[in-house]
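Written below as C-alpha cells is the structure these notes are about.
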Amino acid sequence: MTPEQIVTELKALLDDGKVLDDPENLDHYGRDWTKMHAPKPVAVVFPRSTEQVQALVRFANEHRVALVPSGGRTGLSAGAVATNGEVVVAFDYMNQVLDFSPSDRTVHCQAGVITEQLQQFAEDNDLHYPVDFASAGSSQLGGNLSTNAGGIKVIRYGMSRDWVAGLTVVTGKGDVLHLNRDLEKNNTGYDLRHLFIGAEGTLGFITEATMKLTRQPDNLTVLVLGLNDLTNTMDVLQTFQKQIDLTAYEFFSHEAMQHVQTHGSVQAPFETEAPYYALLEFEAVSDQVMDDAMTLFEQCMENGWVMDGVISQSETQAHNLWQLRERISESIAPRTPYKNDISVIVSKVPEFLREIDDVVTHHYPDFEIIWFGHIGDGNLHLNILKPEDMSKDDFFGKCQQVNKWVFEIVERYGGSVSAEHGVGLIKKDYLTYTRPPEEIAYLRGIKQVFDPNGIMNPGKVFDLD
Amino acid sequence: MKVLVAVKRVIDYNVKVRVKPDNTGVDLANVKMAMNPFCEIAVEEAVRLKEKGIASEIVVVSIGPKASQEQIRTALALGADRGIHVETDEEVQSLEAAKLLKGVVEKEEPKMVIMGKQSIDTDNNQTGQMLAALMGWGQGTFASEVAVDGEKVNVTREVDGGLMTVGLKLPAVVTTDLRLNEPRYASLPNIMKAKKKPLESVAPADLGVEVAPRLSTLKVEAPKQREAGVKVEDVAELVDKLKNEAKVI
C-alpha cells in the first residue's frame, strides 16, 4: 500500500480528524524524549476505544503495516520512535477513568490517562497511587506499564507492575484479552498480564488497565544528608532501614547539585560542602519515629559517614528539598547529556560506582560526569555531559565506546543495562550484556506467538532475526 | 541588642484545606501543621541580625496549644537563643495576641520585635500593628529590607507601586513580607542542640490577659467549584457567547 492509500483506509476506520499526516505532527508523534533518530511515520492515529485499537491491529495485519504505540513520549530509550514508515497509534484520546471501586481500592483507566491524572484521582478519593517520577505530568499509564516505569518511590512501593490488578490488551494478532480479571489471587497458569508489562508494545498494545491504589502516606518527611564518601550511601541506608521504612532513598553528587542550583533558584540544604548527598523520605507518623530518625542521624555523624544534614519542618520544605533531586535532569539537559540507567544489587552499588567512575574519568578526563539515582534500589543514572567544544556526533561516538566499558562492568557485576528506562532502540544492541542468547531466543519465541506478522513496534527490544 | 520574634503554628502551606461538614470552620484533625511562612522569614531576619553582630540575643515567643512548642524548637534550631511559650487552648484573636505579646515585651524589654506581616490561616494582618500601638512604638510593616543603624532602623516596605523606606527609632515593631529573605533549613545538628535550649512556659493570666474571642465565626464555606469550560466552533460563536452569555463585550 502507498502511504496515501494507508491514510485513506485509516480515515475510514477511525473518526474523521483522528488521522493526521502533516509533517509537523508526524515529527512530533514520531519520537519520544530521545532525539537520536529522525522520525518518519506515515500517519498518526488517535483511537478512542479498545475496539478501535483492535480494528487498527487487524488492518495492520491485513496490509502488513507496522504500528508504533505513543503515550506521553517521555521515554528515554526510543521505545516509542517511528523511523520506518509505521503508523503511530497515539493514546491521547483514550484518557478516561472508566470505573472506580472504593471497596476494592482499584481504578479502571484507559491507557492514555496521564500519570498525574491518576495520582490526582486517587488523592481526590482519599487514596494514593504511589508510582511517581519526574515526567508524571506528561507520561501516560499505557507507556508506564509498557516500560514498567519505576521512579522515586520504588524502595517502598515497587514498580508500576506491582500496581496492576488487570489489563485489557489487543494482541499483535488482533485479539482482545482481559488479563487477570482484576483479581488479587488468581493462580491459573501463566500470568500473561506480566508479559505485556515491560514489553514496550512488542506483543500487543495495552488499552485499559485496572490499577490498585493504597492509603495516603502520612506526614512525609525529608532528610538531606551530606556524605563524606560514596560508600557511606550504603552505611546510611542500612542504618536507617534497620528502624525506619523509607519511602525514598536517593543520592546525587555535588556536581549534580551545583547544576540544579545554577539552573534554577533552588536553595542549598546547608553550607557544608559534601561530595555526595543522600535524600531520605519517610512517614513521620509519631514523635517516636522522629526521635528514632534523630538518633540514627547522630549515629551516622559519630561514625563519620555524614557531615551535615537537614530535615523538612513543613511540606513546603519537603517539596523544596525534593527539588534538589528532581530538577537534576532538566538542569543538565542544555548540556546534551548522554544518559545511562543501570542497576546492580544494592550491596554492590558503591564498588560498582567507583569502578565505572574510574573507567570514564581515566579515558575521558574532559568529560563531566553527573551521578544520581535511586540508590536505595540499586538503580543509578550515569550522565555524561558534552564538553562545550565537542561536536554532538563526536561526543555520541565516544559515548558508544563508554557504553561498551560500562556495560562490561554491568555484566561482570550481574547488573542490568536498563533498570527502568526500557530497551527500545537505544539499548537493543546491549541487551546481551544482561540477558544471555538462549534467554533472548525464548523472548523471540514469545513475540512469535503474540505477533506472528511482526507488526507491533518492530525493531524495539530485539530484532527478529 | 535583644530581639524578640513571634512565631505562629498554622496549617502547613501545602496542605489542601478542607471545610468541616457543618461549616463551623476548617478541619484540623490529622492535618500537618508548620510555622507560618512569614514567621519563618522573621526568624531568619533575626538570625541574620545576630550573625552580623547587631542582635545579641534572640528570644522566640509563640502563643497557642502545647504543640506550638514544636515551632519554638524549630526557631531555636534556626538560631534563636531561648523560647517563651504562652500556652492556651483558646482561640486567640489579633488583639489578644497583641496584648499577650505586649506582656512578654514588657518583661523582656527587647529593642526590636520582628514578626510575620500576617498568618496564613486567618490572614488578618493586624497583630504587629496592634502591638506597636499598644506599646506606643514605631512600626515598619511589610518589610523587604531591614537596616539597623545605631538606635534607628530603616525599614523598606513593599507598597503599591513601589518601595517606601521608613526610619524608626528603636524600640520598634517590624513585620516581614515575602521578599525580605530566604529562610534557611534547620540543620539536624542544630535541631539536637535546640533541645537543650531553655523554653519557658507561661499562662495568659501570668501576663494579665484574659483570652476571650471578641469575634465569632458565623460560617466557613469552600470556594465555589469552577465550572468546566466549553469549546467553541469558531470566532463568531466565541464573540456571540462573550456578548450575549458572558456579557463582557
Side-chain angles (χ1 to χ4, degrees), chain A residues 120 123-124 126 215-226 236 240 261 265-272 274 277-280 283-287 290-302 305-324, chain B residues 7-18 27 29-41 43-44 47-48 51 66-80 119-121 178-179 181-196 225 231 233:
Chain A
Q120 191 58 48
E123 202 186 315
D124 291 345
D126 294 323
R215 71 165 174 85
Q216 289 182 343
D218 190 6
N219 198 13
L220 285 177
T221 299
V222 174
L223 287 176
V224 172
L225 308 178
V236 171
F240 273 83
Q261 283 175 275
S265 55
V266 181
Q267 198 185 353
F270 35 73
E271 279 178 16
T272 316
Y277 299 87
L279 182 153
L280 297 73
E283 294 177 88
V285 285
S286 65
D287 290 346
M290 279 303 236
D291 290 346
D292 287 348
M294 295 304 261
T295 314
L296 294 168
F297 171 76
E298 269 181 313
Q299 275 178 33
C300 292
M301 282 281 271
E302 278 162 18
W305 302 329
V306 167
M307 304 161 76
D308 207 342
V310 291
I311 186 165
S312 63
Q313 304 280 325
S314 62
E315 284 195 22
T316 313
Q317 285 192 359
H319 172 82
N320 290 344
L321 288 171
W322 263 113
Q323 298 301 305
L324 293 168
Chain B
V7 301
K8 187 174 180 185
R9 177 181 171 88
V10 298
I11 291 191
D12 190 293
Y13 166 76
N14 264 25
V15 168
K16 247 192 221 144
V17 171
R18 291 186 200 204
D27 196 354
N30 297 320
V31 170
K32 170 94 177 162
M33 306 293 278
M35 190 190 292
N36 178 41
F38 291 107
C39 302
E40 284 183 329
I41 295 170
V43 174
E44 176 68 29
V47 174
R48 289 186 189 188
E51 284 168 348
K66 179 101 184 154
S68 307
Q69 291 191 3
E70 279 175 33
Q71 279 62 49
I72 296 178
R73 289 284 174 207
T74 299
L76 293 174
L78 289 168
S119 60
I120 60 165
D121 49 0
L178 215 53
R179 276 162 289 273
N181 59 47
E182 192 177 17
R184 69 196 69 187
Y185 295 104
S187 88
L188 284 156
N190 287 339
I191 290 175
M192 290 184 300
K193 281 182 213 152
K195 287 185 178 167
K196 296 184 186 103
Q225 284 223 321
K231 270 190 186 166
E233 283 298 321

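Each chain gets a letter, A, B and so on, in the order the sequences are listed, and its residues count up from 1.
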Side chain, backbone, both or neither of [X] within contact of chain B (heavy atoms, under 4.5 Å):
X        : value
A:Ala268 : backbone
A:Leu225 : side chain
A:Phe297 : side chain
A:Asn320 : both

Item to complete: Please name all residues satisfying side chain to side chain contact (heavy atoms under 4.5 Å, CB included) with B:Asp12, sequence neighbours left out, ordered by chain then number.
Response: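 Applying side chain to side chain contact (heavy atoms under 4.5 Å, CB included) to B:Asp12 gives A:Ser314, A:Glu315, A:Thr316, B:Asn14, B:Val15, B:Lys32, B:Ala34.
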Fill in: Interface moiety of B:Arg73 toward chain A, non-hydrogen atoms closer than 4.5 Å
neither
Response to the item:
Under 4.5 Å to a heavy atom of chain A? For B:Glu40 that would be side chain
Evaluate whether atom [atom1] of [X] has more than 12 neighbouring non-hydrogen atoms of other residues, nucleotides or ligands under 6.0 angstrom away.
X        : atom1 : answer
A:Asp126 : CG    : yes
B:Lys66  : NZ    : no
B:Glu51  : CD    : yes

Practice prompt. Run the numbers on A:Gln216 and A:Glu123 for side chain to side chain contact (heavy atoms under 4.5 Å, CB included), then give the verdict.
Written response: CA-CA 8 Å; A:Gln216 289 182 343; A:Glu123 202 186 315; 3.4 Å; yes
Indicate yes or no: at least one non-hydrogen side-chain atom of [X] is less than 4.5 angstrom from one of [Y].
X        : Y        : result
A:Gln317 : A:Val310 : no
A:Glu283 : A:Leu220 : yes
A:Gln313 : B:Met35  : no
B:Ile120 : B:Asn36  : yes

Worksheet item: In terms of heavy-atom pairs under 4.5 Å with chain B, which of A:Gly309, A:Ala293, A:Ser312 leads?
Response: A:Gly309
Fill in: Any residue of residues 183-191 of chain B which, by heavy atoms, sits under 4.5 Å from chain A
B:Pro183, B:Arg184, B:Tyr185, B:Ala186, B:Ser187, B:Leu188, B:Pro189, B:Ile191
